[in-house]
Amino acid sequence: MGRIVVGVDGSESSIKALHWAVRQAELTGDTVEAVNSWEYPATSWASMMPGMPEDFDPQAVATVALTETLEEALGAEGAAAVSRVVVIGNPAQSLLERAKGANLLVVGARGYSGFKATLLGSVSLHVTQHAPCPVTVVRD
């Protein structure tokens with residue numbers, strides 16, 4: 001039994017990738033690991049944002065968002081079968097790190113970026129070029 005890593009950011013394309021990864025795991029007997037990563041805003045953006053409350057925990061917010069996305073996409077039982085990893089860092093780099101030792105990395109073609117005219121999103125393009133395992137890009 002191996003592991004399939006799938007990037008889940010809540011976008012429609014990542015949910016399609018999640019469904020694809022779950023179906024593939026049913027065929028291969030692999031486990032599915034859903035990965036969500038987050039980053040603090042860049043310094044230039046941070047200066048324009050109002051102060052964050054002291055008790056704000058972006059890791060907890062990202063964890064709740066991933067859990068809710070999995071449950072909405074797969075139902076409670078399906079979501080329970082998927083392991084969850086939430087990390088701080090660049091999405092592409094986070095996926096590449098988690099993909100070490102995996103049988104497959106699955107990503108959507110586009111997430112929440114502003115480059116709608118590109119054929120692949122920046123994350124999917126980066127991981128296809130640098131992944132330590134085979135990659136499947138699920139297109140809309």
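The analysis underlying the following values was restricted to heavy atoms, covering all of them including side chains, and did not include hydrogens, waters or symmetry mates.
- Using a 4.5 Å heavy-atom threshold, the side chains of V8 and N36 count as separate.
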Hey, can you pull the donor-acceptor pairs under 3.5 Å for the side chains in residues 61-72, sequence neighbours left out?
| from | atom 1 | to | atom 2 | distance (Å) |
| --- | --- | --- | --- | --- |
| T63 | OG1 | Q59 | O | 2.8 |
| T67 | OG1 | T63 | O | 3.0 |
| T69 | OG1 | A65 | O | 2.8 |

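- For S14 (side chain) and D9 (main-chain N/O), a donor-acceptor pair under 3.5 Å exists by modelled atom type.
- Note that OG of S37 and CD1 of I88 are 9.5 Å apart. Values are rounded to the nearest 0.5 Å.
- When every heavy atom of A131 is checked against every heavy atom of L96, the shortest pair comes out as CA-CD2, 3.4 Å.
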| task | Could you give me the CA-CA distance, side-chain angles and deciding distance for V137 and T128, then say whether side chain to side chain contact (heavy atoms under 4.5 Å, CB included) is met? | result | CA-CA 8 Å; V137 177; T128 57; 3.6 Å; yes
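- Atom CD of E77 is surrounded by 12 or fewer heavy atoms from other residues, nucleotides or ligands within 6.0 Å.
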| field | Audit row: D30, Q24, side chain to side chain contact (heavy atoms under 4.5 Å, CB included) steps and yes/no | value | CA-CA 8 Å; D30 293 336; Q24 181 66 20; 5.8 Å; no
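- Here the closest heavy-atom approach between residue A92 and residue V127 is recorded as O-CG1, 3.9 Å.
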| query | Please walk me through it: do H126 and V123 pass side chain to side chain contact (heavy atoms under 4.5 Å, CB included)? | reply | CA-CA 5 Å; H126 188 81; V123 172; 5.9 Å; no
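- Looking only at distances, a side-chain donor or acceptor of R3 sits under 3.5 Å from a matching main-chain atom of R98.
- Between atom CG of residue L95 and atom CD of residue E33 there is a gap of 9.5 Å, rounded to the nearest 0.5 Å.
- Shortest non-hydrogen contact noted between A17 and V106 is O-CG1, 3.6 Å.
- With sequence neighbours excluded, the residues satisfying side-chain contact (heavy atoms from CB on, under 4.5 Å) with H19 are I15, R23, A73, L74.
- The distance from atom CD of E12 to atom NZ of K16, rounded to the nearest 0.5 Å, is 4.5 Å.
- Between N103 and G2, the shortest heavy-atom contact is ND2-CA, 3.3 Å.
- Within the 4.5 Å cutoff, no side-chain heavy atoms of K100 are placed close to those of C133.
- Side-chain contact between T31 and I4: absent, with no pair of heavy atoms (C-beta onward) separated by less than 4.5 Å.
- Pairing each heavy atom of R139 with each of A109, the nearest pair is CA-CB, 3.7 Å.
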